[in-house]
Amino acid sequence: MSVPELDAKETEKLMADHPEWELAREGKAITRTFQFKDFSEAWGFMSRVALLAETQDHHPEWFNVYARVEVTLTTHDAGESGGLSQRDVTLARAIDAIL
């Protein structure tokens with residue numbers, strides 16, 4: 001089942017509300033890089049995000065090297081070929097709140 005994709009105005013609001021995030025994949029995703037003091041702190045962050053993602057049934061794409069975590073949010077079943085949805089807004093807000 002397809003999830004409604006954010007329209008241009010909703011995407012603009014998302015970016016205004018979360019200036020640390022950047023649009024990616026031609027506006028079909030948002031991404032943010034987090035820098036921590038060490039691997040343990042980065043792993044703890046990833047664990048907290050994993051718990052949030054599981055409760056929301058919406059999981060990030062991410063990449064971790066030592067103290068750096070790159071997070072990408074997109075909804076694969078939004079619109080016809082994936083894009084941003086309210087699920088991404090909700091998860092970005094939750095991720096920002098745990099910092």
Side-chain angles (χ1 to χ4, degrees):
M1 183 167 104
S2 184
V3 173
E5 191 172 357
L6 297 182
D7 63 26
K9 190 171 188 174
E10 292 167 323
T11 300
E12 189 175 305
K13 180 168 175 25
L14 166 64
M15 301 315 296
D17 291 347
H18 301 279
E20 299 89 0
W21 293 82
E22 296 178 8
L23 281 174
R25 300 183 189 163
E26 299 177 359
K28 299 286 187 179
I30 55 173
T31 187
R32 182 172 175 189
T33 299
F34 299 87
Q35 187 66 45
F36 299 96
K37 70 176 186 174
D38 57 27
F39 178 76
S40 181
E41 192 175 288
W43 188 266
F45 167 77
M46 291 176 69
S47 295
R48 290 189 302 278
V49 171
L51 293 172
L52 289 170
E54 194 63 20
T55 62
Q56 295 180 21
D57 193 28
H58 187 58
H59 304 88
E61 298 173 13
W62 51 19
F63 179 77
N64 166 245
V65 175
Y66 187 61
R68 187 180 81 236
V69 179
E70 298 171 13
V71 178
T72 300
L73 301 179
T74 190
T75 303
H76 297 285
D77 54 355
E80 293 182 22
S81 60
L84 291 168
S85 76
Q86 187 59 44
R87 292 177 181 181
D88 302 302
V89 174
T90 302
L91 189 52
R93 183 180 308 121
I95 290 170
D96 287 351
I98 66 172
L99 295 175

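- When all heavy atoms of D77 and R87 are compared, the pair lying nearest together is OD1-NH1, 3.7 Å.
- Hydrophobic clustering places L52 together with L99 (ILVMFWY residues linked when any side-chain heavy atoms are closer than 4.5 Å, directly or through intermediates).
- A pairwise comparison of heavy atoms in R68 and F63 identifies NH2-CE2, 3.6 Å as the closest pair.
- At least one side-chain heavy atom of I30 sits less than 4.5 Å from a side-chain heavy atom of M15.
- Between the OG1 atom in T33 and the CD atom in E20 there is a gap of 12.0 Å [rounded to 0.5 Å].
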Evaluate side chain to side chain contact (heavy atoms under 4.5 Å, CB included) for T90 paired with H58, printing each intermediate quantity in order. CA-CA 9 Å; T90 302; H58 187 58; over 6 Å; no
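- Between H18 and R93, the closest side-chain pair of non-hydrogen atoms falls below 4.5 Å.
- The number of heavy-atom neighbours closer than 6.0 Å to CD of E12, taken from other residues, nucleotides and ligands shown, is 12 or below.
- Side-chain contact check for T72 versus W62: every heavy-atom pair is 4.5 Å or farther apart.
- Here the closest non-hydrogen pair linking A53 and P60 is CB-CD, 3.7 Å.
- Atom CZ of R48 sits about 5.0 Å away from atom CD1 of I98, to the nearest 0.5 Å.
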Apply the test side chain to side chain contact (heavy atoms under 4.5 Å, CB included) to residues E5 and E80: give CA-CA distance (whole Å), side-chain angles for both, the deciding distance (0.1 Å), then the verdict. CA-CA 9 Å; E5 191 172 357; E80 293 182 22; over 6 Å; no
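- Contact annotation: the side chain of E61 approaches that of H76 to within less than 4.5 Å [non-hydrogen atoms, C-beta and beyond].
- Using a 4.5 Å cut-off on side-chain heavy atoms (C-beta onward), R32 and I95 make no contact.
- When all heavy atoms of A78 and S2 are compared, the closest pair comes out as C-OG, 4.2 Å.
- E54 pairs by the side-chain hydrogen bond (donor to acceptor under 3.5 Å, both in side chains) definition with H59, not counting sequence neighbours.
- Counting only distance, with no hydrogens or angles, the side chain of E41 and the backbone of D38 share no donor-acceptor pair below 3.5 Å.
- Interatomic distance, S40 OG to Y66 OH, rounded to the nearest 0.5 Å: 9.0 Å.
- Using a 4.5 Å cut-off between side-chain heavy atoms of Ile, Leu, Val, Met, Phe, Trp and Tyr, with links allowed through other members, L14 and V3 fall into different hydrophobic clusters.
- Scanning both residues, A42 and V69, for their nearest heavy atoms gives CB-CG2, 3.8 Å.
- D88 is not listed as a side-chain neighbour of W21, based on a closest heavy-atom distance of 4.5 Å or more.
- Remark: T75 OG1 to L91 CG distance equals 9.5 Å, nearest 0.5 Å.
- Using cut-offs of 30° and 60° for the angle between ring planes, the F34 and F36 rings count as parallel.
- V71 places none of its side-chain heavy atoms less than 4.5 Å from the side chain of V49.
- Between L23 and L84, some side-chain heavy-atom pair lies under the 4.5 Å cut-off.
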